[in-house]
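Structure first, then comments.
To find a chain, count down the sequence lines: A is the first, B the second, and so on, and within it residues start at 1. Values below: every heavy atom of this structure, side chains too, minus hydrogens, waters and symmetry copies.
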Protein chains: 2
Amino acid sequence: MPNVNPRLTLLKTHNVNPRHTVITCSDCRLNKFCLPIALNESKIKQLDEIVEHNSSYKKGDHLYKKNDNFKSVYAVHSGSFKSYTLSYNGNEQVNGFFLPGEIIGLDGIANGMHVNAIQALEHASVCEIPFSKLESLSLQIPNLQHHFLALMGKEITNDKEFHNLLSSYTAEERTAHFLINLSSRCERVSLSPFRLLLPMTRGDIGEYLGLSLETTSRIFGKLHRKGLIAVNNREIELLQMEPLLKIAGCETE
Amino acid sequence: MPNVNPRLTLLKTHNVNPRHTVITCSDCRLNKFCLPIALNESKIKQLDEIVEHNSSYKKGDHLYKKNDNFKSVYAVHSGSFKSYTLSYNGNEQVNGFFLPGEIIGLDGIANGMHVNAIQALEHASVCEIPFSKLESLSLQIPNLQHHFLALMGKEITNDKEFHNLLSSYTAEERTAHFLINLSSRCERVSLSPFRLLLPMTRGDIGEYLGLSLETTSRIFGKLHRKGLIAVNNREIELLQMEPLLKIAGCETE
DNA sequence: CGCTTAGTTGAGAACTCTCAAATGACGTGG
DNA sequence: CCACGTCATTTGAGAGTTCTCAACTAAGCG
């Protein structure tokens, strides 16, 4: 597999033809962070048998929409997605972003129907895992059951953290937290944690953080003036992590 | 089992000696909404064997604290609890309330350690379900696995809905949503959906909704002046559901 | 090269917060 | 049983943060 420059990968994965990349979990560069986490070679093979690898989506394409039947969860293989609902007055409300190695679709498990819509932010590809097959396989592989529960538990933990963020952090704190969070998720999949190429608009970020797009833009400007980040359109460079972590409310001891 | 007046149950369950109530899931008045949901009689017996029934907590007692080892999840049998973390500056941040039939402890699954603390809001009792035993049993009872996944999925769905609430709703909308949500959860366990006896303070509600306690109080006053609710300290009566649902952003078609 | 979408910046308005004080509920001990 | 202290709630006034509206600039795409 070609070794893509991490600094450019986030926006540029569409230069890599998915067909030329891996087609099994066993060979996937992401298998340490993705669903196969903690499975041994033979179990990964079992998982591979139920996974449909690498469907590809163009920017703006929907993976699914609100009220679609829930059949599968999806692992992001390349590119990125946003999750959103429509609020009561018809406004779009972004409530999540998904990077490579992350699992999409948990919003459908409860009722057999998706409550969010998922849209590609750039050219992207996913691996589809039919949920009923995943359930059956989980009955046979205790480790898989355990890790899928842990995955959902992690989602819940993150959501609670986000609850705190929205209920008591200022615009600047939320924005710093967003950047730090994105940075660590990039690092996890071997992208540069210091140079982020945002796949989403200021409006998306604002909706996600409960801010207006103008405020989001102003806060980027403010952090820039403080010398903590460099902003060049969608390219954000994190220049001083310590103060950023402090603003974001992350313990740095 | 004595038929407690629903209107008084929420705050008054401590009048019912837990020892005189059920001691097995099979007999529990909550078994239709709680973990045994969708299990048949024989499966419930299997579940009963791993559940430790009815430990009792006084108001202010902790079920667990932040960073405690995760061993079990808990089903609320009577009374109510709040979940909170401490934010970076040491402030308490409430991020959940739990009523009878609801499951506490999912915040520990991801890392084997709880990220929240859980405190009783009134005299309360829980049934403890050791998680490793629940996992083992889930491997044997597909339905149990399925419903525990659904339970976690529901938590995720709720959290996303709450994300939207915090990121785009006004104080009044959030407060109305809170009341409507509490009302439907009370109804679920045969408490009156129209007359709520809040076990939590205005401060708790404010932290939960991302508002100051003063604002929470003012909004209660405002809804009262509009004739939508009656407020008598912790006792809130929902007088006009339609307008409340509308303010809360719930579809009423 | 022009159109459309995205991002920046400014000014005033609106909402919610903080600080402060007063009232009310509740539990304890005299 | 009452007095007291504590905690919870209400209410007011002013301050701050963020939003909305609007105009302008920049970037992407045919």
Problem set entry | Opening and closing nucleotides of DNA chain D in contact with chain A, under 4.0 Å to non-hydrogen atoms | D:dT18 to D:dA27

Problem set entry | Strand contacts (DNA chain D) in residues 215-227 of chain A, 4.0 angstrom heavy-atom criterion | A:Thr215, A:Arg218

Exercise. Any donor and acceptor pair, going by atom type alone, linking the side chain of A:Thr175 with main-chain N or O of A:Ala171 inside 3.5 Å?
Worked result: yes

Problem set entry | Given DNA chain D, 5'-ward residue of the pair A:Ser212 and B:Leu213, judged by closest heavy atom | B:Leu213

Exercise. Which pairs with one or both residues in residues 93-102 of chain B pass salt bridge (Lys or Arg N to Asp or Glu O under 4.0 Å), sequence neighbours excluded?
Worked result: B:Glu102-B:Arg185

Problem set entry | A:Glu235 backbone acceptor or donor facing A:Arg195 side chain under 3.5 Å | no

For this session: Report the distance from atom CG of A:Leu165 to atom CD of B:Gln93, rounding to the nearest 0.5 Å.
Result: 10.0 Å

Exercise. Going by the ring-ring contact (aromatic ring centres under 6.0 Å, His included) test, which pairs reach into residues 196-218 of chain A, not counting sequence neighbours?
Worked result: A:Phe97-A:Tyr208, A:Phe162-A:Tyr208, A:Tyr208-B:His163

For this session: State, to the nearest 10°, the angle formed by the axis through the first five base pairs of the helix from C:dC1-D:dG30 to C:dG30-D:dC1 and the axis through its last five.
Result: 40°

Exercise. Which part of the nucleic acid does B:Gly206 contact within heavy-atom distance under 4.0 Å: base, sugar-phosphate only, or nothing?
Worked result: nothing

Exercise. Taking A:Ser125 for the side chain and A:Ser56 for the main chain, is one N or O donor matched with an acceptor at less than 3.5 Å?
Worked result: no

Seminar exercise, completed: Sequence neighbours excluded, the answer for salt bridge (charged side-chain N to carboxylate O under 4.0 Å, His left out) partners of B:Arg202 is none

Problem set entry | Nucleic acid contacts - residues 161-171 of chain A versus DNA chain D, non-hydrogen atoms under 4.0 Å | A:Thr170, A:Ala171

Exercise. Quick one: side-chain hydrogen bond (donor to acceptor under 3.5 Å, both in side chains) partners of A:Glu207, sequence neighbours excluded?
Worked result: none

Problem set entry | Under the salt bridge (charged side-chain N to carboxylate O under 4.0 Å, His left out) test, residues paired with A:Glu52 that sit two or more places apart | none

For this session: Please find the earliest and latest nucleotides of DNA chain C, in the 5' to 3' direction, that have an atom within less than 4.0 Å of any heavy atom of chain A.
Result: C:dA6 to C:dA11

Problem set entry | Those residues that, when tested against A:Glu172, pass salt bridge (charged side-chain N to carboxylate O under 4.0 Å, His left out) (two or more places apart) | A:Lys222, A:Lys226

For this session: For B:Asn116 and B:Thr85, test the side chains for any donor-to-acceptor distance below 3.5 angstrom and give the result as yes or no.
Result: no

Problem set entry | Under 3.5 Å donor-acceptor, B:Ser168 side chain and B:Asn164 backbone | yes

For this session: Please list all pairs passing the ring-ring contact (aromatic ring centres under 6.0 Å, His included) test where one or both residues lie in residues 232-251 of chain A, with sequence neighbours left out.
Result: none

Exercise. Do B:Lys160 and A:Asp159 meet the salt-bridge criterion of a basic N to acidic O distance under 4.0 Å?
Worked result: yes

Problem set entry | A:Glu122/A:Lys82 ion pair, N-O < 4.0 Å | no

